[in-house]
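These notes are about the structure you will find just below.
It should be emphasised that the depicted structure is a prediction, and the values quoted were computed from it without experimental measurement. Numbering starts at 1 and runs along the sequence shown.
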Amino acid sequence: MQHYIDELKQRYSLDSNPYFAHLSDGSFSREDFVETQVQFLFAVVFFSRPMSVLAARLPRPEHRFSSLYNVMEEHGEGNIRSSHESTFYAFLDRMGVEPAYIESRGLWPAVRAFNTALGGVCLMDDLYSAVAAMGIIEDLFSDISARIGQAVVQNEWLKEAELLHYNVHKDLDEEHAEEFYHIIRPLYGNHPRIDYQIQQGLEFGAYIFMTMYKELYASRNRRWERQVGGPHSVADGWYFDADAVS
């Protein structure tokens, strides 16, 4: 399985993705980078939800436990100020982004597509595929975090001591990826059908994640201001109340 993962990561190398290639060569402006990172925040906020759904579907308690621990870490192990959502807000704050600015931005289709696709595979697709998809996304984000953190410092947008979120995830997500791989690795090589479902998940996860970054770069000049507040989907439990609107 590791050979397949290594080949897949080579195919989706960061240098071949314009988001990371231009971030490294200095041609990605700070303003455009910030705008795309505001969008990525919306993926960070959503990410623990499909992970929670997937944990509930796992048949073995030891696998549920490791996946639920991943969910706990996403939430700061009970300390909300240390949750991944909070640390990413803090990163944006250090980049000079105020909460009101974040609230004013519309959700780009690239991020909605990623969130919806990931939610779908974790909720109702093949279980092995879903685990593999989560694993490769965590695996890729470990490398991405290192690359972004390095570029932010090299571009003199922040000092290394000021980095938040990315300086943690370059190591943490490698551990998270291994916890997902640990579930499916013993199954790989035992039956062509299982191998195929795992390969489907690895391919799918890498595709939706790296495509999102490619599309974020393509839309980097967009400045979409929305006219409403609150979540970006009423499925998040918020509904329109005409009586509350003046």
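- Note on ring orientation: taking the six-membered ring where Trp is involved, the planes of F209 and Y213 are perpendicular (angle over 60°, cut-offs 30° and 60°).
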key: ring pair (Phe, Tyr, Trp, His ring centres under 6.0 Å) between F33 and W157, worked out   = CA-CA 11 Å; F33 172 72; W157 296 336; 5.1 Å; yes

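- S52 places a side-chain N or O within 3.5 Å of a backbone atom of S48 that can act as its donor or acceptor partner.
- R11 and E203 are joined by a salt bridge, as a carboxylate oxygen and a charged side-chain nitrogen come within less than 4.0 angstrom of each other.
- K214 NZ: 12 or fewer foreign heavy atoms inside a 6.0 Å radius.
- The two residues A43 and M212 have their closest heavy-atom pair at CB-SD, 4.4 Å.
- The CD atom of Q39 sits 5.0 Å away from the CH2 atom of W108 when rounded to the nearest 0.5 Å.
- Here the CD1 atom belonging to I198 is positioned 12.0 Å from the CZ atom belonging to R193, to the nearest 0.5 angstrom.
- Of all heavy-atom pairs spanning D139 and I5, the tightest one is OD2-CG2, 3.7 Å.
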key: Pair V153-L158, side-chain contact (heavy atoms from CB on, under 4.5 Å): steps then yes or no   = CA-CA 5 Å; V153 173; L158 290 177; 5.7 Å; no

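- Between the side chains of Y188 and Q199, a donor-acceptor pair is found at a separation under 3.5 Å.
- In this structure, a donor-acceptor pair under 3.5 Å is absent between the side chains of D15 and S13.
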key: Steps toward ring pair (Phe, Tyr, Trp, His ring centres under 6.0 Å) verdict (F28, Y217)   = CA-CA 9 Å; F28 201 156; Y217 183 77; 5.2 Å; yes

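- Remark: side-chain polar atoms of E85 are not paired, donor with acceptor, to backbone N or O of V44 under 3.5 angstrom.
- Taking a cutoff of 4.0 Å between a charged side-chain nitrogen and a carboxylate oxygen, E215 and R220 do not qualify as a salt bridge.
- Under the 3.5 Å distance criterion, the side-chain polar atoms of S129 are matched with a main-chain donor or acceptor of Q197.
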request  = Determine, step by step, whether W224 and R105 satisfy the side-chain contact (heavy atoms from CB on, under 4.5 Å) criterion, reporting the C-alpha distance in whole Å, the side-chain angles of both residues, the deciding distance to 0.1 Å, and the verdict.
outcome  = CA-CA 6 Å; W224 182 13; R105 312 325 278 176; 5.9 Å; no

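- Side-chain atoms of E35 and Y101 include a donor-acceptor pair closer than 3.5 Å.
- Residues V131 and E179 are not in side-chain contact: their nearest non-hydrogen atoms beyond the backbone lie 4.5 Å or more apart.
- The minimum heavy-atom distance between R57 and D126, with the atom names listed, is NH2-C, 4.4 Å.
- Clustering ILVMFWY residues whenever any of their side-chain heavy atoms sit less than 4.5 angstrom apart, transitively, puts V53 in a cluster other than the one holding M134.
- V111 places none of its side-chain heavy atoms less than 4.5 Å from the side chain of F40.
- Annotation: side chain of L54 is not in contact with side chain of V121 (no heavy-atom distance under 4.5 Å).
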task = With side-chain contact (heavy atoms from CB on, under 4.5 Å) as the test, would you mind laying out the steps for V152 and R147 before giving the verdict?
result = CA-CA 9 Å; V152 167; R147 175 69 69 94; over 6 Å; no

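- When all heavy atoms of L92 and Q37 are compared, the closest pair comes out as CD2-CB, 3.9 Å.
- Judged by distance alone, the side chain of D143 and the main-chain N or O of L14 form no donor-acceptor pair under 3.5 Å.
- Within 6.0 Å of OH on Y128 lie no more than 12 heavy atoms contributed by other residues, nucleotides or ligands.
- In this structure, M1 CE and D6 CG are separated by 10.0 Å, a value rounded to the nearest 0.5 Å.
- A centroid separation of 6.0 Å or more is found between the aromatic rings of Y207 and F204.
- Taking CD1 from I208 and CD1 from I136, the interatomic distance works out to 11.5 Å, rounded to the nearest 0.5 Å.
- Few gaps surround CD on Q2; more than 12 heavy atoms of other groups in view lie less than 6.0 Å from it.
- A 6.0 Å sphere centred on CZ of R223 holds more than 12 heavy atoms belonging to other residues, nucleotides or ligands.
- For the residue pair G119 and P50, the shortest heavy atom distance occurs at CA-CB, 4.0 Å.
- Using a 4.5 Å heavy-atom threshold, the side chains of I102 and L41 count as touching.
- For the atom pair CD (E178) and NE2 (H176), the distance works out to 12.0 Å, reported to the nearest 0.5 Å.
- For the residue pair Y19 and T36, a side-chain donor N or O sits within less than 3.5 Å of a side-chain acceptor on the partner.
- Salt-bridge formation is not detected for the pair D32/R222: no Lys NZ or Arg NE/NH1/NH2 atom is positioned less than 4.0 Å from an Asp or Glu carboxylate oxygen.
- Side chains of R226 and S104: a donor-acceptor N/O pair is absent below 3.5 angstrom, by distance only.
- A heavy-atom distance below 4.5 Å is found between the side chains of M51 and E138.
- Between F47 and F114, the angle of the ring planes stays under 30°, which puts this pair in the parallel group of the 30/60° scheme.
- A donor-acceptor pair is defined here as one N or O able to donate and one able to accept, closer than 3.5 Å; no such pair exists between the side chain of Q154 and the backbone of S24.
- R30 approaches G96 most closely through the heavy-atom pair NH2-N, 4.4 Å.
- Side-chain polar atoms of Y196 and Q200 form a donor-acceptor pair below 3.5 angstrom.
- Judged purely by atom type and a 3.5 angstrom limit, R112 uses its side chain to pair as donor or acceptor with the backbone of H232.
- Taken from CG in N221 to CD in E31, the straight-line distance is 11.0 Å, to the nearest 0.5 Å.
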